[in-house]
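Quick notes on the structure that follows.
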Amino acid sequence: MDTKKLDLNLLVTFEVLMEEKNVSKAAARLHLSQPAVSTQLSRLRDLFNDQLLIPARRGMIPTAKALELTLPLRLALDQVRDTLTTHQNFEPQQADLTVMLACTDYLQSVIGLSIIETLRRQAPNVKVGLRSLEPARLEAQLANGEVDLALMTPEAAPPALRTRHLYDEVYVLIGRKGHPQLVDDMSLEDYVRLEHIVVSLDGGKFLTPHDQALKALGYSRNVVLSVATFLIVPELVTQSNFVALVPKRMTLGRTDLTVVSSPVTSTGFSVGMVWHERTHGHSAHRWVREMISHIML
DNA sequence: TAAACGACCGCTATAATACC
DNA sequence: GGTATTATAGCGGTCGTTTA
């Protein structure tokens, strides 16, 4: 590649073209004429030695290479934008705004308090509204301002949104303190005989991906209860002999629980932040995102 | 230092193509 | 045929480099 031909503006054009998949719409967003963007696309094609976007019935279809380039180029541009805006004025002590945060009940319980405490200390006039995550509506909510930031599995976010990975979560098995069968290194046979609570966020389901993994091994666990939220699970297990797989961070500081590893490796999940272009460059929102990143470290 | 030159970029106009 | 969309031609302005 001849880097002398490289112009950062071309990468910005590529980013918008991949979002719009339409030269005319990309041109409107970039405040350029359609031919100007068409010419830039031609230069991008020359630069990457690939068609990148192929004219289709309506708009354009990205090539495999274009799809491959999208994420790394966006990350590179974000880094440049971050560098340019890092030192823009934002005074947490004087800031006065409300940040609407959408996340699952589990995340509200795990990090909600930490966020509020840090904000009260560093930005006393910044308020946080916590609301339930609605994945199907999230993109629209982020676009229209109902939500400013979502905490969720970044891989599940619509591709047009901005994401940042925060941490990887794993599941652990919990039961009441002194539970007679709940020990580390228990056998798979003992494990499936325990009385399990499962969490089905959309309600009432008894078969989870973990059960499918068990099924593949020829086992089926004894599920006695399905609940729609992680929040009540610790209370249920402390008052019974039930056990449950819950995210490890939920158990931190809980002295009334026995926490052991599951004898079957249960696929964990990642947690990240998801936000819209609308708040991407906003210094206060940037500060909030940085603050949450630091809390999660 | 200033003029000349050339490369580059974006513009308007328009051709080509596909769809309704 | 009208509309939507991309691509190209030709033109003018800007900017960096070269040269006197």
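What you see is a predicted model, and the numbers here were worked out from it, not measured in a lab. Numbered from 1 within each chain, the chains take letters A, B, ... in sequence-line order.
- For the pair A:Leu10 CG and B:dC8 P, the computed distance is 12 Å after rounding to whole Å.
- The nearest whole Å value for the distance from the CG atom in A:Asn22 to the P atom in B:dC19 is 15 Å.
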>> Once pairs are restricted to Watson-Crick or G-U wobble with both distances under 3.5 Å, how does DNA chain C read as a dot-bracket string, [ ] for crossings and | for other-strand pairs?
In response: ||||||||||||||||||||

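- Hydrophobic side-chain contacts under 4.5 Å tie A:Leu138 into a cluster, directly or through other members, with A:Leu133, A:Leu142, A:Val147, A:Met152, A:Leu161, A:Val274.
- Identified under the ring-ring contact (aromatic ring centres under 6.0 Å, His included) test for residues 142-162 of chain A, with sequence neighbours left out: none.
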Nucleotide N/O of nucleotides 7-13 of chain C paired with protein N/O under 3.5 Å:
unit_1: C:dA7; atom_1: OP1; unit_2: A:Arg45; atom_2: NH1; d: 2.9
unit_1: C:dA7; atom_1: OP1; unit_2: A:Arg45; atom_2: NH2; d: 3.2
unit_1: C:dA7; atom_1: OP2; unit_2: A:Ser38; atom_2: OG; d: 3.3
unit_1: C:dA7; atom_1: N7; unit_2: A:Gln34; atom_2: NE2; d: 2.9
unit_1: C:dA7; atom_1: N6; unit_2: A:Gln34; atom_2: OE1; d: 3.0

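- Nearest approach of A:Pro124 to A:Arg120, heavy atoms of both residues: O-NH1, 2.8 Å.
- Counting to the nearest Å, the P atom of C:dT5 and the CG atom of A:Leu17 are 14 Å from each other.
- Using a 4.5 Å cut-off between side-chain heavy atoms of Ile, Leu, Val, Met, Phe, Trp and Tyr, A:Val170 forms no hydrophobic cluster with any other residue.
- By the salt bridge (Lys or Arg N to Asp or Glu O under 4.0 Å) test, A:Glu155 is found to be paired with no residue, residues two or more places apart in sequence or in another chain being considered.
- Summarising the geometry, the separation between CD on A:Gln40 and P on B:dC9 is reported as 8 Å, rounded to the nearest angstrom.
- Follow the hydrophobic side-chain contacts under 4.5 Å out from A:Leu73 and you reach A:Leu53 in the same cluster.
- Side-chain polar atoms of A:Tyr219 and A:Glu189 form a donor-acceptor pair below 3.5 angstrom.
- A:Tyr106 and A:Phe269 have perpendicular rings, their planes meeting at more than 60° on a 0 to 90° scale where under 30° would count as parallel.
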